**Q** 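After the structure tokens below, expect a handful of questions from me.
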Amino acid sequence: MIDRRLVEYFDWWMLSLTVIIAGIGLVVVYSAVTASADSHLAGLFSRQLIWYAAGMVLMIASFVVNYKVFERWGHLVYLFSILLLVAVIFFGKYVGGSKRWLVLGPFSVQPSEMVKLAVIIMLAKYYSRIVRTEGIRLREMIAPVVITIIPFGLIVRQPDLGTAGLVALIAASMTLYIKIERRTLIGLFTTGALSIPAVWVFLKGYQKQRILTFLNPERDPLGAGYHIIQSKIAIGSGMITGKGFLKGSQNTLEFLPEQHTDFIFSVLAEEWGFVGTIFTLMVFLLIVIWGLQIAQRSRDPFGTILAVGITSMIGLQVAINIGMVMGLMPVVGVTLPFISYGGSSVITMMIGVGLLLNVSMRRFMFEK
Amino acid sequence: MRTYLHSVDSDWFNQRLVGVFVTVLAIFILLAVRLIYLQVIQGKELRRLSEINSIRLQDIDAPRGIISDRNGHILVDNRPAFNLYIILKDAKPLDHTLTKLAGLLAEPVEALRTTIQSSRKKGAYAPILLKEDISRDTLAAVEVHKFELPGVQVHVTSRRHYLYEGHAAHVLGYLGEISSDELQCPPFEDCKGGDYVGKFGIEKAFETALRGKRGGQQVEVNARGQVVRVLETVDAQRGQDIVLTIDQSLQSRAEELLAGQAGSAVAIDPQSGQVLVMASSPAFNANNFVKGLSRDQWNELISNPLRPLENKAIQAEYPPASTYKIVTTIAGLEEGAIDAQSSYFCPGYLSYGNRAYRCWKKGGHGEVHVVRALTESCDVFYYQVGIAVGVDGLAKYAKALGLGAPTGISLDRESKGLIPTSEWKLRRFGVPWQGGETLSVAIGQGFNLVTPLQMAVLAAAVGSGGVRYKPYLVQSARSADGQVVFEQKPEVVANTHFRPETLALTYKGMWGVVNDPRGTAYLMRIKDVPFSGKTGTAQVVSRPKDGEVVDPQSLPKDHAWFVAFAPSVNPTIAVAVMIEHGEHGSSAAAPVAREIIRLHLHLPEDNTTKIIDQKTRERIGGLTEPAAPPTEAGEEE
């Protein structure tokens, strides 16, 4: 029997916000793939619709089942996604200098996207058992570090520094949230700060160059540096009201790299102006705040930490992606949630929302 | 319900959320401020920049490495080529510009329009290639009228230039436009569509070293598309220069002598494995590939019956014919089947099974021992050795000398040849080995197949006392700043450890081939410097049966072989020459080998040289070469 309260407690706000942001996403992807002169992008819009349909089904699947099931079987989810990452090494498709994709018939997926959710579930499961007011001790940090470093290493190897860094950042946010013992925290920071110069000495010349370019795109005037200039021009040229739907010249003339994935925000900014960007930013902010609200209302430590993890994933990606296209951040391959084209990204985000809805609608189970 | 809140309760969690909340707000405010800065404060300026879109990227191509011979003679370099581009956005009014340009190029306006139409989808800002490699005169004219030609640009690129057309063509190889498959491969990561990359020969084998690294410039252009400011530059890195082991003077002499026939010549240094000559005839002009071959040119190349695109020195397989008797000699002596004293009587044939296997000399050689048998190429003697050693015994020595396997030279598409064994035949045909087949194999016919390079390696290995080096073509590679980044050291593949008596008798027999009046190549001897060799005549079709009358003119002629090393003692060069349908090893192939040896040893020209040149001229004059039918080995020599 379905508990009537499940319907009563259903989080319509979260769902509405998701529908709004998905709507914005579809409109912008439509501009990015059809207005552009690049013919191989045509047809991607209908694919994105398919991805959203699949994402919708998976979202429903991930709130219908009680999320405590994910807690119980979290390690299997984690193991499976690590296996997928290993499979990429052997069967992955080589695109543009890195191996990130698994080809499944007509579609390809990026297991590094899904692995973020697995790490979140696994960490939430672990932390919900050991959390205490004094904060966790150094000894207790071994497990989370192992949980994070395995996918991190596999993703760095692809190489996909952006996604690897994102996994590490999500893990760090969750860990900081559940609190680290003051002594341990200070110790960690000091060791970290001290080890940077040590590691630097051991790096080879070209590795140093790569990291410096990563941190400062201007060092690569023919690649990332050029992209950032064009992206800033696109964003700024939108001015207050934008150039109008399908009228962005930076977009249509292909001055933007990856205009349908990583640089989609520049397309949005060019065509819809400050009005469009600030509205989108507000919707994102509401989603993040609502996610934190779900965490706050849950009376279950696992539910709370899970909600914080998923919300931090969404928030971090928004901040990194938008920061990147505006020239505030290194150029990394991090997608803009719900808006960037791409099945793996859409599905990961929709499952994430499903889990948030799940935690939200089952909060009554833990109320006294 | 389990009480899980030992020390943390929801209030504690909520209090932790305050920090998160503050962080989130701070980040979003930062993003909003940046948006205001870009879209509101800088908006006008950035809108202007987007309208003229004045910041563009230009490639700086990296010159390919230069290839030179062992003595530093440059064989391949780059020359500047001027390409004409148009940028539609800037070329206004387009009609006027095109008409003006058409006049300067002496081409119809319509042709230019078609070119533009086909690449219009690239967008108004993308430079469209109108004409490649314009002449210096056209260039001057375009430069003079620069201001009447808005949006027209001349880009200088470097173009591959093969200094001597057709020279060492198969070694050097050629370039071609990068394929979409190649573009997907890691080694071609920094390439773009339309790039020319090595497709054959050294150009392909050393592609990564030769290519270098492309650079580029970020430039600001004015409304007319002209560069007003260079913002950033990343210099291109020149490719590495490659020094070959080839000796240009020997190579070109060999090519001269092969001209007009299908065949190849290989010479290597027996002390190191360095390839001094690798000539294959007919050749092609690699400069044509750089321009992009027309369909007709390509069809002509691939349908030519003399197979100009094939490197016959390593790709073509032939029966080794009598040159294989070197292997049979060594096998017989090493296996103890024969020694210096053992002799067989040759009446001109050998009865085996229920048929007679003939010797090439109808009257027979009479009583022959091993040295004479090799010198005079007596088939009957080698039939007997073959029977005594067996097919697998022969194969053991053939393989020890490098036959039946690729030599490992750094070129593509090397054939491995074929050395049959009884096990191979059973596996391949499901039929056991027949005794009679051993007789064919012993004189280098039957299933045996070798490449000219393999035979040169064999001659080198025998000449150097049984030490076999891996043949190689590239001595060293040097980076643009002159540093040696790669150096090939001689590499011993196998030391055969043949007994000294075996080698002594083999040397004696091969010395006799050239220097004994009864030797099959006695006419080829060089005064003062004796060298050693072995002739071979590979049958293309079976010899007619007795009594069968066939017009000899209608049959394809036999392939001619000659392998040699010189001087006879402590050789410094080993040569293998194969002339397809050359008829006799001694008359067609040996003169080419002799000339290579003579030049290599810096010996003066003599009468024979003049005769050879005379013959070469006649051949080139009246070239009528039959198409090569599939090779079918005969039973006897």
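Quick caveat, the model's predicted, so the values are computed rather than measured. Reminder, nothing fancy here: chain letters follow the sequence lines and each chain counts from 1.
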**Q** Counting heavy-atom pairs under 4.5 Å to chain A, which of B/D59, B/L38, B/I41 comes out on top?
**A**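 Between B/D59, B/L38, B/I41, the count favours B/L38.
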
**Q** For B/R478, is there any backbone N or O sitting under 3.5 Å from a side-chain donor or acceptor partner on B/D241?
**A**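 Answer holds: no.
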
**Q** Restricting to side chain to side chain donor-acceptor pair (under 3.5 Å), what partner residues turn up for B/D95, sequence neighbours left out?
**A**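 Once residues adjacent in sequence are excluded, the partners of B/D95 under the side chain to side chain donor-acceptor pair (under 3.5 Å) criterion are B/R113.
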
**Q** Between chain B and each of A/I178, A/L281, A/L316, count heavy-atom pairs under 4.5 Å; write down the option with the most.
**A**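 Heavy-atom pairs under 4.5 Å are most numerous for A/L281.
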
**Q** Which of the residues A/I235, A/V308, A/I240 is involved in the greatest number of heavy-atom pairs with chain B at under 4.5 angstrom?
**A**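 Option with the greatest count: A/I235.
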
**Q** Is it the side chain or the backbone of A/A269 that comes within 4.5 Å of chain B heavy atoms, both, or neither?
**A**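 Backbone plus side chain of A/A269, per the 4.5 Å heavy-atom cut-off to chain B.
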
**Q** Rounded to the nearest 0.5 Å, what separation is found between the CG atom of A/L268 and the CZ atom of A/F263?
**A**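 Interatomic distance, A/L268 CG to A/F263 CZ, rounded to 0.5 Å: 14.5 Å.
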
**Q** Side chain, backbone, both or neither: which part of B/Q218 has an atom under 4.5 Å from a heavy atom of chain A?
**A**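 Contact with chain A is through both the backbone and side chain of B/Q218.
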
**Q** Chain B: which of A/I229, A/I305, A/L328, A/V318 shares the most heavy-atom pairs with it under 4.5 Å?
**A**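 It is A/L328.
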
**Q** Is there a donor-acceptor contact under 3.5 Å from the side chain of A/R363 to the main chain of A/S360?
**A**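 Side chain of A/R363 to backbone of A/S360: a pair is present.
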
**Q** With a 4.5 angstrom heavy-atom cut-off, which part of B/I27 approaches chain A: side chain, backbone, both or neither?
**A**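 Just its side chain gets close to chain A.
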
**Q** Got a sec: does the CZ of B/F486 have more than 12 other heavy atoms crowding it under 6.0 Å?
**A**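 Yes, CZ of B/F486 has more than 12 neighbouring heavy atoms, counting only those of other groups under 6.0 Å.
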
**Q** Only pairs at least two apart or in different chains count here, so list each side-chain hydrogen bond (donor to acceptor under 3.5 Å, both in side chains) that has a residue in residues 308-318 of chain A.
**A**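 Applying side-chain hydrogen bond (donor to acceptor under 3.5 Å, both in side chains) to every pair that reaches into residues 308-318 of chain A, excluding sequence neighbours, yields A/K116-A/Q317, A/Q317-A/T335.
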
**Q** Could you check whether any side-chain N or O of A/T304 sits under 3.5 Å from a backbone N or O of A/D300, counting only pairs where one atom can act as donor and the other as acceptor?
**A**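 A pair under 3.5 Å: yes.
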
**Q** Among B/L231, B/I36, B/T233, who wins on heavy-atom pairs under 4.5 Å with chain A?
**A**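 Most heavy-atom pairs within the cutoff with chain A belong to B/I36.
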
**Q** If the test is side-chain contact (heavy atoms from CB on, under 4.5 Å), which one of B/K44, B/Q42, B/R48 qualifies with B/L46?
**A**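 Of all the options given, the one that passes is B/Q42.
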
**Q** If you check every heavy atom in residues 203-215 of chain B against those of chain A, which residues fall under 4.5 Å?
**A**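 Against chain A, the residues of residues 203-215 of chain B that fall inside the cut-off (heavy atoms, under 4.5 Å) are B/G215.
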
**Q** Sequence neighbours excluded, which residues qualify as salt bridge (Lys or Arg N to Asp or Glu O under 4.0 Å) partners of A/K243?
**A**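 By the salt bridge (Lys or Arg N to Asp or Glu O under 4.0 Å) rule, A/K243 matches A/E270.
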
**Q** Answer yes or no: does atom NE2 of B/H96 have more than 12 heavy-atom neighbours from other residues, nucleotides or ligands under 6.0 Å?
**A**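 At most 12 heavy atoms, drawn from other residues, nucleotides or ligands, come within 6.0 Å of this atom.
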
**Q** How close do B/A32 and A/I278 get, counting heavy atoms only, and between which atoms?
**A**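 Result for this residue pair: CB-CD1, 3.8 Å.
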
**Q** Return the minimal non-hydrogen interatomic distance between B/R34 and A/M326, and the atom names on each side.
**A**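 In this case the closest contact between B/R34 and A/M326 is NH2-O, 2.6 Å.
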
**Q** A/T277 versus chain B, heavy atoms under 4.5 Å apart: side chain, backbone, both or neither?
**A**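 Both parts, backbone and side chain.
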
**Q** For the backbone of A/L176 and the side chain of B/R16, can you confirm whether one donor and one acceptor N or O come within less than 3.5 Å of each other?
**A**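 Confirmed, B/R16 side chain pairs with A/L176 backbone.
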
**Q** Report the option among A/L285, A/L292, A/V288 that has the most heavy-atom pairs separated by less than 4.5 Å from atoms of chain B.
**A**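 The candidate making the most pairs under 4.5 Å is A/L285.
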
**Q** Quick check for you: among A/M282, A/K232, A/K179, A/R129, which has the greatest number of heavy-atom pairs under 4.5 Å with chain B?
**A**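 The candidate making the most pairs under 4.5 Å is A/K179.
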
**Q** Please look at B/Q217 and chain A and tell me whether the side chain, the backbone, both or neither of the residue comes under 4.5 angstrom of a heavy atom of that chain.
**A**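 Backbone of B/Q217 only, per the 4.5 Å heavy-atom cut-off to chain A.
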
**Q** Chain B heavy atoms under 4.5 Å from A/F265: which part of the residue, side chain, backbone, both or neither?
**A**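 Contact with chain B involves the side chain of A/F265 alone.
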
**Q** Looking at B/L57, B/L25, B/N14, which makes the most heavy-atom pairs under 4.5 Å with chain A?
**A**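 Of the options given, most contacts go to B/L57.
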
